[in-house]
Amino acid sequence: MPKAKGKNRRQKYSYNLNRKRLFRSARRRAAPRIACSHIRHAWDPTKSVAQNLADMGLAGDPNKAVPIPKKKLLGTGVESDGQEQGKKIVRKPYVVNEMEYEASLPEKKSNTLSRDLIDYVRYMIQNHGENYKEMARDEKNYYQDTPKQIKRKINVYKNFYPEEYKDFIASLKQEKMDMQ
């Protein structure tokens with residue numbers, strides 16, 4: 001079946017089309033999207049970004065905020081210090097204080113292992129102890145892990161749950177003592 005006529009022709013540029021009108025809404029200056037709630041609440045939409053950040057004591061440009069000190073001038077022995085020149089008045093210091101307080105809070109560990117992996121590791125330790133070669137030949141080794149991969153999984157379990165691992169080993173030793 002033949003192609004439709006005119007399908008393979010290239011598009012011609014239309015010089016009469018006003019493209020500025022198409023992108024006008026995208027070019028409007030909108031308030032920046034701010035992730036930090038402290039900054040969002042202290043933001044003044046009537047001021048520029050640089051003025052807002054300066055009022056809060058934050059830096060818009062890190063290169064200007066912490067300038068690289070120039071080497072000693074030859075012969076004079078005087079260093080130029082940018083801190084004395086650029087002292088600014090911070091009108092909203094509570095923003096920086098709240099951000100520093102949040103940063104100083106300890107981070108909650110959210111690392112966990114899947115229940116399947118925990119059960120797998122416990123089964124292998126319970127039935128084979130420290131014999132990784134036998135673990136690799138076990139019928140429950142569905143993913144055909146090598147002895148080194150199994151050892152790595154057990155070490156990950158030890159690192160994530162050290163207390164639980166110690167209790168588990170202690171319970172295994174207690175079972176052996178009861179068996180004898």
Side-chain angles (χ1 to χ4, degrees), residues 3 7-8 10-11 23 25-43 45 49-50 52-71 82-83 90 92-180:
K3 288 184 180 177
K7 275 287 189 187
N8 55 0
R10 74 174 189 87
Q11 294 282 328
F23 299 109
S25 62
R27 283 187 9 227
R28 278 192 197 132
R29 187 173 163 204
R33 296 192 68 197
I34 303 168
C36 180
S37 63
H38 307 298
I39 296 175
R40 190 180 308 122
H41 293 301
W43 196 266
V49 174
N52 270 309
L53 292 176
D55 285 349
M56 292 178 217
L58 301 173
D61 185 6
N63 294 324
K64 291 179 183 174
V66 185
I68 298 171
K70 294 182 180 175
K71 304 241 179 188
Q83 293 177 352
V90 179
K92 300 175 184 177
Y94 61 89
V95 174
V96 175
N97 295 338
E98 289 170 355
M99 289 174 69
E100 285 176 352
Y101 172 73
E102 267 188 27
S104 68
L105 293 175
E107 190 173 328
K108 188 178 119 181
K109 281 191 175 180
S110 63
N111 298 337
T112 58
L113 295 178
S114 68
R115 190 73 233 166
D116 293 337
L117 182 63
I118 293 171
D119 293 341
Y120 171 76
V121 167
R122 293 184 82 163
Y123 169 82
M124 291 295 184
I125 293 172
Q126 190 172 10
N127 290 333
H128 304 290
E130 294 288 318
N131 191 348
Y132 300 111
K133 287 186 180 179
E134 233 178 82
M135 289 181 193
R137 283 188 240 116
D138 192 291
E139 62 183 15
K140 290 245 179 160
N141 184 8
Y142 299 125
Y143 296 109
Q144 298 182 352
D145 293 331
T146 63
K148 280 190 174 182
Q149 288 173 324
I150 295 172
K151 185 175 183 180
R152 206 174 300 127
K153 286 181 180 181
I154 291 172
N155 287 335
V156 167
Y157 175 70
K158 285 180 190 178
N159 292 336
F160 274 67
Y161 304 104
E163 294 87 20
E164 188 177 317
Y165 177 76
K166 287 177 187 173
D167 294 341
F168 178 64
I169 296 297
S171 70
L172 287 178
K173 288 181 182 176
Q174 187 65 31
E175 286 179 14
K176 283 187 181 178
M177 297 292 276
D178 292 340
M179 297 284 276
Q180 292 176 354

* Any side-chain donor near an acceptor of the partner, E163 and Y161, under 3.5 Å -> no
* Does the side chain of F168 reach to within under 4.5 Å of the side chain of Q126, using non-hydrogen atoms? -> yes
* **Exam field: side chain N141 to backbone A136, donor-acceptor pair closer than 3.5 Å** => yes
* **Min side-chain heavy-atom separation Y157-L113 under 4.5 Å** => yes
* **Sub-4.5 Å side-chain heavy-atom contact between E175 and D178** => no
* Asked: How far does CD1 of I125 sit from CG of N131, to the nearest 0.5 angstrom?
  -> 12.5 Å
* Interatomic spacing from CG in D145 to CG in D138 - rounded to 0.5 Å -> 11.5 Å
* Structure fact -> Rounding to 0.5 Å, atoms CD1 (I39) and CG (N52) come to a distance of 10.0 Å
* **Verdict with reasoning, V95 to M99, per side-chain contact (heavy atoms from CB on, under 4.5 Å)** => CA-CA 6 Å; V95 174; M99 289 174 69; 4.0 Å; yes
* **Validation row: R122, E164 side chains within 4.5 angstrom (heavy atoms)** => yes
* Structure fact -> Output for pair (S37 OG, E102 CD), nearest 0.5 Å, gives 6.0 Å
* Side-chain contact, heavy-atom cut-off 4.5 Å: V121 with K158? -> no
* Structure fact -> With sequence neighbours left out, the residues meeting side-chain hydrogen bond (donor to acceptor under 3.5 Å, both in side chains) with D119 are R115
* To do: Step through the shown structure and confirm whether more than 12 heavy atoms of other residues, nucleotides or ligands are within 6.0 Å of NZ on K151.
  => no
* Asked: With a 4.5 Å heavy-atom cut-off, do V96 and V90 have their side chains touching?
  -> no
* Any donor and acceptor pair, going by atom type alone, linking the side chain of N159 with main-chain N or O of N155 inside 3.5 Å? -> yes
* **Side-chain touch D55/W43, heavy atoms, less than 4.5 angstrom** => no
* Structure fact -> dist T146:OG1 -> K133:NZ (nearest 0.5 Å) comes out at 12.0 Å
* Taking every non-hydrogen atom, the tightest pair across K92 and A42 -> NZ-O, 2.5 Å
* Check whether any side-chain heavy atom of K153 sits under 4.5 Å from a side-chain heavy atom of M124, and report yes or no. => no
* Structure fact -> The reported gap from OH in Y132 to CD in E130 (rounded to nearest 0.5 angstrom) is 4.0 Å
